[in-house]
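Okay, so here's the structure we're looking at.
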Amino acid sequence: MELFDKVNLRADFKLYGHVDDQLDGFHNEWDMAVYRVVQELLNNAQKHSKAHCVHLNLTKENDRFALTYSDDGIGLNVSTIEKSFGTMGLPGMIGRVEGMGGQLAIDSQPGNGLKISIQWTKKGAYA
């Protein structure tokens, strides 16, 4: 939540974020990886999205953890995103999520905002 507060102080958009209180069952490595994914999403929003409003939620339901992101920015052409083994940008984020056993879906069209949905199972969170 501290990261959300910092972003709201310096960003050109309003960030609405929610993190479930009952996010337990993770290893420290998973915590840091999720933090880096959230950081990357918010950095991309600040640098590229031209959004007025960003929503980011991290939730847990049974053995499923979900991170959802959406903005009302300029969007992007999803077909131009390439997978990478690097740690920078959306390609690095995709690699990080898949390396943690997660699944990621990106929905966007130029001029129509961006939506990203990431899911992990508890088993994947321990991997």
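The model shown is predicted, which means the values in this text are computed figures rather than measured ones.
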Open item on the list: Nearest 0.5 Å, please: how far is CG in Leu56 from CG in Leu67?
Closed with: 5.0 Å

Open item on the list: Surrounding CD of Gln109 (heavy atoms of other residues, nucleotides or ligands, distance under 6.0 Å), is the total greater than 12?
Closed with: no

Task: Spacing of OG1 belonging to Thr59 relative to CZ belonging to Phe65, to within rounding of 0.5 Å - done: 9.5 Å

Open item on the list: If we ignore hydrogens and angles and just use 3.5 Å, is the side chain of Ser117 paired with the main-chain N or O of Ala105 as donor and acceptor?
Closed with: no

Open item on the list: For the CD atom of Gln119 and the OG1 atom of Thr68, what is their distance to the nearest 0.5 Å?
Closed with: 9.5 Å

TODO: Taking Ser108 for its side chain and Leu76 for its backbone only, find out whether a donor-acceptor pair lies under 3.5 Å.
DONE: yes

Task: Sidechain-backbone polar pair: Asn77 side chain, Ser79 backbone, donor-acceptor under 3.5 Å - done: yes

Open item on the list: If I compare all heavy atoms of Val37 with all of Arg96, which pair ends up nearest, and what's the gap?
Closed with: CG2-CD, 3.7 Å

Open item on the list: Are Phe4 and Leu42 packed together at the side-chain level, in the sense that at least one heavy-atom pair is separated by less than 4.5 angstrom?
Closed with: yes

Task: Heavy-atom closest contact (Asn57 atom, Gly17 atom, distance) - done: OD1-C, 4.3 Å

Open item on the list: With a 3.5 Å distance limit and no angle check, can you tell me whether Asp71 reaches the backbone of Cys53 through a side-chain donor-acceptor pair?
Closed with: no

Open item on the list: Quick check: do Ile116 and Leu114 have side-chain heavy atoms less than 4.5 Å from each other?
Closed with: yes

- [ ] Could you grab the distance from atom CE of Met93 to atom CD1 of Ile106, nearest 0.5 Å is fine?
- [x] 5.5 Å

Task: Within one Ile-Leu-Val-Met-Phe-Trp-Tyr cluster: Tyr16 and Phe13, side-chain cutoff 4.5 Å - done: no

- [ ] Taking all non-hydrogen atoms of both residues into account, name the closest pair between Glu40 and Leu90 and its distance.
- [x] OE2-N, 4.3 Å

Open item on the list: List the residues meeting side chain to side chain contact (heavy atoms under 4.5 Å, CB included) with Asp12, not counting sequence neighbours, and say none if there are none.
Closed with: none

Open item on the list: Run Thr121 and Arg64 through side-chain contact (heavy atoms from CB on, under 4.5 Å) and show every step you take.
Closed with: CA-CA 4 Å; Thr121 61; Arg64 186 178 66 86; 5.6 Å; no

Open item on the list: With a 4.5 Å cut-off on side-chain heavy atoms, are Leu104 and Glu98 touching?
Closed with: no

Open item on the list: Minimum heavy-atom separation for Val54 and Ala45, please, with both atom names.
Closed with: CG2-CB, 4.2 Å

Task: Trp120/Val34 under side-chain contact (heavy atoms from CB on, under 4.5 Å): CA gap, chis, key distance, verdict - done: CA-CA 11 Å; Trp120 299 270; Val34 171; 4.1 Å; yes

TODO: Starting at NZ of Lys115, measure out to CG of Asp72 and round the result to the nearest 0.5 Å.
DONE: 11.0 Å

TODO: Indicate yes or no: at least one non-hydrogen side-chain atom of Asn8 is less than 4.5 angstrom from one of Lys14.
DONE: yes

- [ ] May I ask whether Ile74 and Val78 are part of the same hydrophobic cluster, defined by side-chain heavy atoms of I, L, V, M, F, W, Y residues being less than 4.5 angstrom apart, directly or through others?
- [x] no

TODO: Flag yes if more than 12 heavy atoms outside His52 fall under 6.0 Å of its NE2 atom; otherwise flag no.
DONE: no

- [ ] Quick one: pull up CG in Leu15 and CZ in Arg10 and give me the separation to the nearest 0.5 Å.
- [x] 11.0 Å

